[in-house]
4 protein chains.
Amino acid sequence: MPKLGMKPIRRRQLIDATIAVIGNVGFSDATVSRIAKRAGVSPGIVHHYFEDKHALLEAAMRDLLEQLRTAVAGRLALAETPVQRAEAVIDGNFSAEQFSREAITAWLAFWAHAPHDPALMKLRRINLARAHSNLVSALKWVMPRASVDDAVDGLVALIDGLWLRAALSGGRPDREALRTIARDYLDRLIGDTPDPPSLIKGTTRTGGFAWER
Amino acid sequence: MPKLGMKPIRRRQLIDATIAVIGNVGFSDATVSRIAKRAGVSPGIVHHYFEDKHALLEAAMRDLLEQLRTAVAGRLALAETPVQRAEAVIDGNFSAEQFSREAITAWLAFWAHAPHDPALMKLRRINLARAHSNLVSALKWVMPRASVDDAVDGLVALIDGLWLRAALSGGRPDREALRTIARDYLDRLIGDTPDPPSLIKGTTRTGGFAWER
Amino acid sequence: MPKLGMKPIRRRQLIDATIAVIGNVGFSDATVSRIAKRAGVSPGIVHHYFEDKHALLEAAMRDLLEQLRTAVAGRLALAETPVQRAEAVIDGNFSAEQFSREAITAWLAFWAHAPHDPALMKLRRINLARAHSNLVSALKWVMPRASVDDAVDGLVALIDGLWLRAALSGGRPDREALRTIARDYLDRLIGDTPDPPSLIKGTTRTGGFAWER
Amino acid sequence: MPKLGMKPIRRRQLIDATIAVIGNVGFSDATVSRIAKRAGVSPGIVHHYFEDKHALLEAAMRDLLEQLRTAVAGRLALAETPVQRAEAVIDGNFSAEQFSREAITAWLAFWAHAPHDPALMKLRRINLARAHSNLVSALKWVMPRASVDDAVDGLVALIDGLWLRAALSGGRPDREALRTIARDYLDRLIGDTPDPPSLIKGTTRTGGFAWER
DNA sequence: AATGAATGAGAATTCATTCAT
DNA sequence: AATGAATGAATTCTCATTCAT
């Protein structure tokens with residue numbers, strides 16, 4: 001007798017288990033059996049809910065990125081100035097939800113595998129494009145146009161590098177310290193340019209800077 | 001076909017092949033057979049020269065780090081000022097020798113596996129400590145003592161993040177662009193503090209800064 | 001093809017196949033593949049039912065000893081006098097169930113391997129202790145106490161030696177002839193001491209011998 | 001430059017190493033490499049002195065049996081009466097030369113493998129025939145003809161069984177105790193039949209027994 | 001004579017996937 | 001829907017044997 005509506009439940013269990021297992025034993029030892037056991041189901045059932053192992057891995061990576069997107073989006077919605085928008089991106093990346101050890105380690109495992117997996121690479125591109133877009137749309141107001149691209153590249157790289165460090169440091173990562181480093185970099189990038197009041201959300205921008213759009 | 005003293009030759013061949021294969025197909029698909037084929041030897045011989053697969057992998061990672069160390073050390077030897085020393089670290093990290101696609105991808109694969117492999121983790125720690133030491137000993141002369149640690153953490157993370165980006169971007173990585181971003185971060189960290197003339201190698205330091213040692 | 005509750009069935013099949021294969025080709029050529037083929041299953045499934053090859057071998061040896069134990073125990077239950085108890089041990093060891101060529105040869109293979117395998121050695125000790133205990137508890141009534149231990153050691157050794165001979169003689173072993181030799185040794189050990197009537201099961205012992213307890 | 005006369009030296013080294021290795025790690029783990037290492041030579045050289053691994057194993061078994069033959073023969077030469085001849089066989093089997101732990105364990109390993117190796121089986125047959133012949137020629141003078149065969153079979157089996165016990169007991173085997181058990185069995189077999197004086201070596205037999213030849 | 005490099009077959013074991021129930 | 005039995009391919013590693021030096 002088929003239980004109805006199991007699909008989303010099982011998929012979620014399996015995705016969570018996948019991230020946990022990859023985080024705990026690494027990509028190459030994340031076997032279907034181990035994942036199934038962690039999810040509390042039999043190994044056979046996995047292929048009922050996912051085409052194959054690869055589809056499960058991809059769904060897990062997708063899920064990880066979706067969580068990140070949500071964390072950033074939530075903060076972006078509250079930001080009122082360009083600088084706050086950039087800070088929202090940073091804060092989202094170092095929010096507690098993202099920053100479990102398992103998740104960070106899994107994230108690293110996925111990226112390491114991406115060069116050999118077009119589907120993961122595609123996710124990476126989408127993810128990167130979103131981060132870029134968010135940061136460019138914020139920083140372009142507070143720095144010379146010509147500097148924005150490099151600044152964004154640097155900021156994204158720094159965030160990634162800090163995640164890498166978190167994944168590779170023993171013990172639980174110190175989110176605050178890492179975030180502070182990223183925030184500091186942001187500060188240095190925008191120099192002492194003040195957040196132009198005219199850019200505050202909801203107001204009409206009247207004044208202007210040389211590098212404004 | 002020489003029959004004596006093959007050990008160093010074969011070990012080098014196998015290490016190179018390991019890095020290449022990991023770079024090309026990833027950590028989990030880097031089988032002993034594939035590595036042997038790439039090295040042009042039979043699979044069986046691998047265990048003649050390495051205790052087991054793990055020993056080979058570790059030797060390969062060690063080799064990768066040794067290459068990096070050499071690249072940095074060579075540049076450090078030529079540096080005359082603290083700032084030049086910091087630049088030497090950056091430049092060594094983005095030198096052409098290090099920056100083959102295969103090597104970068106392998107590097108990422110190793111780090112992703114490190115959390116599950118004490119031997120790799122140990123290498124990571126040694127490597128990190130060296131980078132820190134090099135940068136601290138340079139930056140402490142050109143910025144307030146209290147800022148040095150965070151600055152170094154940030155710089156190391158940025159470099160790692162830029163490598164990550166290189167590993168994950170299609171096509172061949174643009175070393176110059178990446179290096180420029182790192183150099184720019186360095187500039188921002190030390191502000192407009194000029195390299196104190198008194199610190200130039202070989203001269204006697206007479207003047208002083210608040211944060212000098 | 002039943003799909004549930006296969007465990008006991010498969011384990012038995014595999015144990016039987018193991019004994020047969022060891023009996024036929026010897027310990028060193030008893031590969032998992034051969035055993036699986038003999039059991040009519042795929043090589044892979046073996047590890048579904050046994051932790052590893054060693055666990056399978058140990059289970060097989062255990063099974064062999066358990067069969068022997070049962071054969072002896074059944075006969076002991078029917079014995080009414082000390083001498084009959086000793087004879088029960090002998091008869092159990094030469095009963096038809098035990099004495100297939102394959103089983104005897106496998107038995108020898110196991111003992112030969114035991115010095116290098118603590119698990120087998122432990123089984124040997126348990127097995128030996130049981131045989132000793134059975135024989136001591138019988139012989140102590142019919143011979144001087146001081147002679148019992150050596151007598152038991154001799155009897156056990158003779159039985160083992162006769163098994164060895166059976167394993168090493170071509171053709172099918174002549175159980176009867178071998179048993180007769182062991183029985184004769186027993187007779188000589190107890191001399192013409194009659195089974196003391198008083199010791200017959202269920203009767204009260206009234207008379208006495210110097211060596212009675 | 002070929003060293004002359006290495007052949008017997010190397011063969012002996014390799015045979016001794018083979019027995020030692022089999023005694024220490026068992027038949028299935030006695031690899032050519034291990035044996036070569038134990039003998040202090042390179043693995044390749046083994047095939048210079050022995051056709052193949054099997055030839056080496058056979059030579060080792062042959063050597064073991066030859067040692068036993070010598071030990072018995074030496075004692076037989078000194079025996080003057082039938083009983084002494086039987087005792088010589090027993091004593092030879094429990095002489096110190098034979099009774100190293102390694103040798104006994106190797107002996108057991110060889111017999112366990114014999115059923116699957118015609119060459120070993122042949123050695124076994126030769127060995128057995130010699131023991132039988134020696135014992136029959138002794139015992140026929142001191143017991144009824146009809147009993148001799150069974151008596152010999154029993155004595156041989158007991159000796160084998162005591163070796164088995166020695167191989168399987170921890171610690172160093174107690175030669176004396178084991179020999180005593182075998183001697184006692186012999187005593188019981190021949191009963192109180194005295195060694196007929198007329199049979200003493202070098203004398204002429206005049207009297208007679210019912211079972212004399 | 002001797003080494004140790006090299007091969008290739010075969011060992012145990014793992015694992016994604018399929019399938020009968 | 002779910003299980004766990006089953007397969008067969010692939011993986012790491014071992015080993016007897018051969019061979020260039």
Side-chain angles (χ1 to χ4, degrees), chain A residues 1-7 9-10 28-37 40-56, chain B residues 1-7 9-10 28-36 40-54 56, chain C residues 1-7 9-10 28-36 40-54 56, chain D residues 1-7 9-10 28-37 40-56:
Chain A
M1 69 197 103
K3 291 183 204 155
L4 293 178
M6 288 307 285
K7 196 154 185 173
I9 298 173
R10 285 279 182 256
S28 25
D29 286 338
T31 66
V32 170
S33 288
R34 248 192 273 253
I35 292 169
K37 174 173 283 182
V41 298
S42 74
I45 201 64
V46 172
H47 292 81
H48 209 74
Y49 292 107
F50 292 92
E51 170 87 26
D52 57 12
K53 188 188 182 184
H54 184 262
L56 172 57
Chain B
M1 204 185 318
K3 286 288 169 178
L4 248 92
M6 292 304 288
K7 197 152 187 170
I9 299 173
R10 286 280 180 260
S28 25
D29 286 338
T31 66
V32 171
S33 289
R34 251 190 272 253
I35 292 169
V41 298
S42 76
I45 200 64
V46 172
H47 296 87
H48 201 62
Y49 292 108
F50 291 92
E51 172 93 28
D52 57 10
K53 187 190 180 182
H54 184 262
L56 173 57
Chain C
M1 204 186 318
K3 284 287 170 178
L4 248 92
M6 292 303 288
K7 197 152 186 172
I9 299 172
R10 285 279 180 261
S28 26
D29 287 337
T31 66
V32 171
S33 289
R34 251 192 271 254
I35 292 169
V41 297
S42 76
I45 200 65
V46 172
H47 296 86
H48 201 61
Y49 293 108
F50 292 92
E51 172 93 28
D52 56 11
K53 187 189 180 182
H54 184 261
L56 172 57
Chain D
M1 70 197 104
K3 292 180 202 157
L4 293 178
M6 288 305 285
K7 196 155 185 172
I9 299 173
R10 285 280 182 256
S28 25
D29 286 338
T31 66
V32 170
S33 287
R34 249 192 273 252
I35 292 169
K37 173 172 283 181
V41 297
S42 73
I45 201 64
V46 172
H47 293 82
H48 209 73
Y49 292 107
F50 292 92
E51 169 89 26
D52 56 13
K53 188 188 181 183
H54 183 262
L56 172 57

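Computed over heavy atoms, backbone and side chain alike; hydrogens, waters and symmetry mates excluded. Naming: A, B, ... by sequence-line order, numbering from 1 per chain. Bear in mind the structure is a predicted one, so any value in this text is a computation, not a measurement.
Side-chain atoms of B/Ile45 lie closest to E/dA5 of the nucleotides F/dA5, F/dG4, E/dA5. Of the listed nucleotides (E/dA2, E/dT7, F/dA1), E/dA2 has the atom at the smallest distance from the side chain of D/Tyr49. Picking from E/dA5, E/dA11, E/dA2 the nucleotide with the shortest atom distance to the side chain of B/His48 gives E/dA5. Nearest to the side chain of C/Val41, among F/dA2, E/dG4, F/dT7, sits F/dT7.
Here the straight-line distance linking atom CG of A/Leu56 with atom CZ of A/Phe50 works out to 5.0 Å at 0.5 Å rounding. The NZ atom of D/Lys53 sits 9.5 Å away from atom NE2 of D/His47, with the distance rounded to the nearest 0.5 Å.
Straight-line distance from the NZ atom of A/Lys37 to the C1' atom of E/dT14: 14 Å, rounded to whole Å. Residue C/Met6 contributes atom CE, which lies 14 Å from atom C1' of F/dT3 at whole-angstrom precision. The nearest whole Å value for the distance from the CD1 atom in D/Ile35 to the P atom in F/dC15 is 11 Å. Distance CD1 (A/Ile9) to C1' (F/dA1): 12 Å, rounded to an integer number of Å. Rounded to whole angstrom, the span from the CG atom of D/Asp52 across to the P atom of F/dT18 amounts to 8 Å. Nucleotide E/dA11 holds its C1' atom 17 Å from the NE2 atom of C/His54, rounded to whole Å. As a whole-Å value, the separation of B/Arg34 CZ from F/dA9 P is 17 Å. Computed from coordinates, the C/Asp29 CG to F/dC15 P distance equals 14 Å when rounded to whole Å.
The minimum heavy-atom distance linking C/Asp29 with C/Arg34 is given by the pair O-NE, 2.9 Å. Among all heavy-atom pairs drawn from C/Tyr49 and C/Lys7, the shortest one is CE2-CA, 3.6 Å.
A heavy-atom distance below 4.5 Å is not found between the side chains of A/Val46 and A/Ile35.
Projected onto DNA chain E by closest heavy-atom contact, B/Val46 and D/Pro43 fall at different nucleotides, the more 5' of which corresponds to D/Pro43. Mapping B/Ser33 and C/Lys7 onto DNA chain F via the closest heavy atom, the residue that lands nearer the 5' end is C/Lys7. Comparing A/Gly44 and C/Val32 by the nucleotide of DNA chain E that holds the closest heavy atom to each, the one mapping nearer the 5' end is C/Val32.
Look at E/dT13: its Watson-Crick or wobble partner, with both distances under 3.5 angstrom, is F/dA10.
Side-chain N/O atoms of B/His47 include none lying less than 4.0 angstrom from OP1 or OP2 on F/dT14.
Residue C/Thr31 is classed as a sugar-phosphate contact, given heavy-atom separations below 4.0 Å to backbone atoms only.
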